[in-house]
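Scroll down for the structure; my scribbles are underneath it.
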2 protein chains.
Amino acid sequence: MADLKTKKVSLKDIAQRAGVSTALVSFALNGKDKEHRISEETVRHILQIAKELNYKPNIAAKNLRSGKSGTIGVVIPDISNPFFAQIVRGMEDVAARLGYTVFFGSSDEYASKLQGLVESLINRGVDGLIIAPCEHSEEFLQQLVESNVPIVQFDRPYKEIESSYVALNNHRAAYLATSHLIEAGFHRVGMVAYDISLSHMQERIEGYKAAMEHHGLKSEITIGYAKSDNVRKSTAKVIARMKEKGVDALFFATNTISVAGLYAVSEQKIAIPHELGLVGFDGSDAFELYATSLSYIKQPIEKLSSKAVEILVNMLEDDNSTIQSVLIDGELIVNASSS
Amino acid sequence: MADLKTKKVSLKDIAQRAGVSTALVSFALNGKDKEHRISEETVRHILQIAKELNYKPNIAAKNLRSGKSGTIGVVIPDISNPFFAQIVRGMEDVAARLGYTVFFGSSDEYASKLQGLVESLINRGVDGLIIAPCEHSEEFLQQLVESNVPIVQFDRPYKEIESSYVALNNHRAAYLATSHLIEAGFHRVGMVAYDISLSHMQERIEGYKAAMEHHGLKSEITIGYAKSDNVRKSTAKVIARMKEKGVDALFFATNTISVAGLYAVSEQKIAIPHELGLVGFDGSDAFELYATSLSYIKQPIEKLSSKAVEILVNMLEDDNSTIQSVLIDGELIVNASSS
DNA sequence: ATGTTCGGCTATATCGTTTAAGCATAGGGT
DNA sequence: ACCCTATGCTTAAACGATATAGCCGAACAT
């Protein structure tokens, strides 16, 4: 059985039992028997003994010798955010399929925490990293890239940094959401966003603006900013202010804002969609179960997570792999809140 | 900077630069200078050079030599389940504070997957494991314990197995929820559970029964079972059947059932709480945002996760630590669905 | 002078793998 | 008879950190 305390079986044990050298055992066990011209019989013999003794290679020794760990690090803002929980789940599965194991860490959107996590993951010996950047971490990521650390940026890449990245096509998604509201008859469409410089947010804002402009509604641009350290309260305030300004529909830029938004319209007893049309982001049971189910932009979680892992692993295993920038389209799910 | 590709600084480099042996450097860096009577000046010198060269110990080498990895494995049913996502987040934080890093894996409630994950985590060299068992995994866990693998069972322990465990006091929680419904005036209280043998579920069922009996409602026991592979549909069926039987309130045994239950009462247009009183489990934004906010048993996530990690680490670091069985009380959050 | 002690340090084996280099034997060609 | 080659295997160095055993010289006691 698997055992952590009693002495483990090593190559040496197998070698002794088989009456051969450890090198031969290593070759046989790693399928390098052809390459090293080992007789078929010896190979069979070795493999059998290895099985009998229930041999499990010592990964620490392997790592030490090879300089690789079969491990990747993933840094996200917060694993208790359902969106990232699902992302992580996807990465876990894909990584396992590709023979890797994953370490996770939550940055809480703090550059300092992100940096600490990345350094600790590197010290732990990860072969590469998938990182969802946060504000003020651009310089650090740039350094990582310059130090040849294999990384894939995720969800909110700094696109100027010369690294691979995987993200939603945020511009198009926001454009889609906004256009949908406009075409559903709402003409004073506002947006609730976070006031941060990260690319995903900026592009969602740009997408919203583009849709407004494209429909000749340029002048009515109304963007309110929620505060990430107190989403519930600040979103409520923003919504109240928007309503006063005569906004008749809102596009929520993230899932946290969407949930906060639902709390707010519920508390402020705003009738959806008659008094206010709504489109949210990311999806949640709360969206569907809200009295008036919330329309939203659905991110292709599987695709996003698997693509990120695949690109990283490709990078690790294929020396002449090139930088890949992947944008994946979101889908608009139309529910009762916007029609 | 942190770097994965260029050569790393080793003890040897420091030793050479300082004109001493690697042993001395190792001692100095690990604070064993007193123990090995190294002159203060030498220590200072070594530490300074280490800092200058930005020395980071090679963890693989450390692991190989020490047989420890500073790593713990966590196996849960599904990290994309918000309850476990939060749990995992808690464990991540506590483990980091105690100097450990965490590997996660999702079993999807399959014993075979759980076994595979555990074995792969052990091969990766984790020092110990926190495991949320699933059905049919008792024998395997028993073997782990017998093989001296340090484990802490979590959330739904096999209590007969001689290992530490951390879980909610499920009996009391279910008793609390059921009593609350009864005392709120509902007298034909049913329960929707999963038909599984795991301890958390059995104890929730027992707690429900105990509350019913205690209030002289023994005869009315009505337990319906949802199917975990199709929670939405089966829960809807169960609820419809219960309604026909004249049940006037329901206690949902898990968060997945609770969410499915809300979908069901919404689709079946059942008025909450007038036609049906409800109490759910675990909490979710959907609970609060539902037209009639759902009362629920709230699990003390922080406590549960930190306790589990602490017990495991204690086990790893203190040779004469004993088995600990921890039950933590849940809290009843009363909302509109039960009054 | 000789032995003892002790402060300060070094040499080296070890953990379990991988792998470059090389050894020994058998068979083939000349 | 000789060299050459292919085959099948071994030896031993490395990866980087840790820790045991022990060396050297100075200070002290006798």
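The shown structure was predicted, so the numbers you read here are calculated from the model rather than taken from an experiment. Proteins get letters first, then strands, A, B, ... in listed order; numbering begins at 1 in each.
Here the P atom of nucleotide C/dT17 and the CD atom of A/Q16 are 13 Å apart, to the nearest Å. Per the geometry, CD belonging to B/E35 stands 9 Å off P belonging to D/dA19, to the nearest Å. Rounded to a whole Å, the CG atom of A/L64 is 17 Å from the P atom of C/dT14. The interatomic distance linking A/D33 (CG) with C/dT19 (C1') rounds to 16 Å, in whole Å. The nearest whole Å value for the distance from the NE2 atom in A/H36 to the P atom in D/dA6 is 17 Å. Summarising the geometry, the separation between CG on B/N123 and P on C/dG16 is reported as 15 Å, rounded to the nearest angstrom. The CG atom of B/N63 sits 11 Å away from the C1' atom of C/dC15 (whole-angstrom rounding). A/K34 places its NZ atom 12 Å from the P atom of D/dT7, with the value rounded to the nearest Å.
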Under 3.5 Å, which donor-acceptor pairs link side chains of residues 23-34 of chain B to any protein atom two or more places apart or in another chain?
unit_1	atom_1	unit_2	atom_2	d
B/S26	OG	B/N30	ND2	3.4
B/N30	ND2	B/S26	O	2.7

Please set out all donor-acceptor pairs under 3.5 angstrom arising from side-chain atoms of residues 307-325 of chain A, sequence neighbours excluded.
unit_1	atom_1	unit_2	atom_2	d
A/E317	OE2	A/Y100	OH	2.9
A/D318	OD1	A/N320	N	3.3
A/S321	OG	A/D318	O	3.3

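Contact check of residues 19-30 of chain A against DNA chain C (heavy atom, cut-off under 4.0 Å) returns A/A23, A/S26, A/F27, A/N30. If you check residues 42-53 of chain A against DNA chain D, the residues with a heavy atom closer than 4.0 Å are A/T42, listed by number.
Listed by chain and number, the residues in a side-chain contact (heavy atoms from CB on, under 4.5 Å) with A/H200 are A/D155, A/R156, A/N170, A/I196, A/L198, A/R204 (sequence neighbours excluded). For the ring pair (Phe, Tyr, Trp, His ring centres under 6.0 Å) test, no residue two or more places apart in sequence or in another chain qualifies with A/F154. Applying the side-chain contact (heavy atoms from CB on, under 4.5 Å) rule to A/V102 yields the partners A/I72, A/V74, A/A95, A/F104; only residues at least two apart in sequence or on another chain are considered. For A/D13, the side-chain hydrogen bond (donor to acceptor under 3.5 Å, both in side chains) partners two or more places apart in sequence, or in a different chain, are A/S10. Remark: A/E52 pairs with A/R17, A/Q48 by the side-chain contact (heavy atoms from CB on, under 4.5 Å) rule, at least two apart or across chains. With sequence neighbours excluded, no residue forms a side-chain hydrogen bond (donor to acceptor under 3.5 Å, both in side chains) with B/S120.
Nearest to the side-chain atoms of A/N58 among the listed nucleotides C/dT17, D/dA17, C/dG8 stands C/dT17. For B/S39, the listed nucleotide lying nearest its side chain is C/dG8; candidates were C/dG8, D/dA17, D/dG16. Checked against C/dC9, C/dT17, D/dC9, the side chain of A/Y55 finds its nearest nucleotide in C/dT17. Set against D/dC9, D/dA17, D/dT20, the side chain of A/R37 has D/dC9 as its closest nucleotide. Residue B/P57 has its side chain nearest to D/dA17 when only D/dA17, C/dG8, D/dG8 are considered.
Checking A/D127 against A/S69 by side-chain atom types alone, a donor-acceptor pair falls below 3.5 Å. Judged by distance alone, the side chains of B/E135 and B/S197 do bring a donor and an acceptor atom under 3.5 Å apart.
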* Asked: Taking only Watson-Crick and G-U wobble pairs with both distances under 3.5 Å, what dot-bracket line describes DNA chain C, where [ ] shows pairs that cross earlier ones and | shows pairs with another strand?
  -> ||||||||||||||||||||||||||||||
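The stretch residues 71-93 of chain B participates, sequence neighbours left out, in these side chain to side chain donor-acceptor pair (under 3.5 Å) pairs: A/D78-B/R89, A/R89-B/D78, A/S106-B/E92, A/D108-B/R89, B/D78-B/S80, B/N81-B/N255, B/R89-B/D93.
At the heavy-atom level, A/I38 lies under 4.0 Å from the strands shown only through sugar-phosphate atoms.
Of the options A/I131, A/I161, A/I130, a side chain to side chain contact (heavy atoms under 4.5 Å, CB included) to A/Q153 is made by A/I161 and by none of the others.
Put simply, B/K32 has a side-chain N or O that comes within less than 4.0 Å of OP1 or OP2 on D/dA19.
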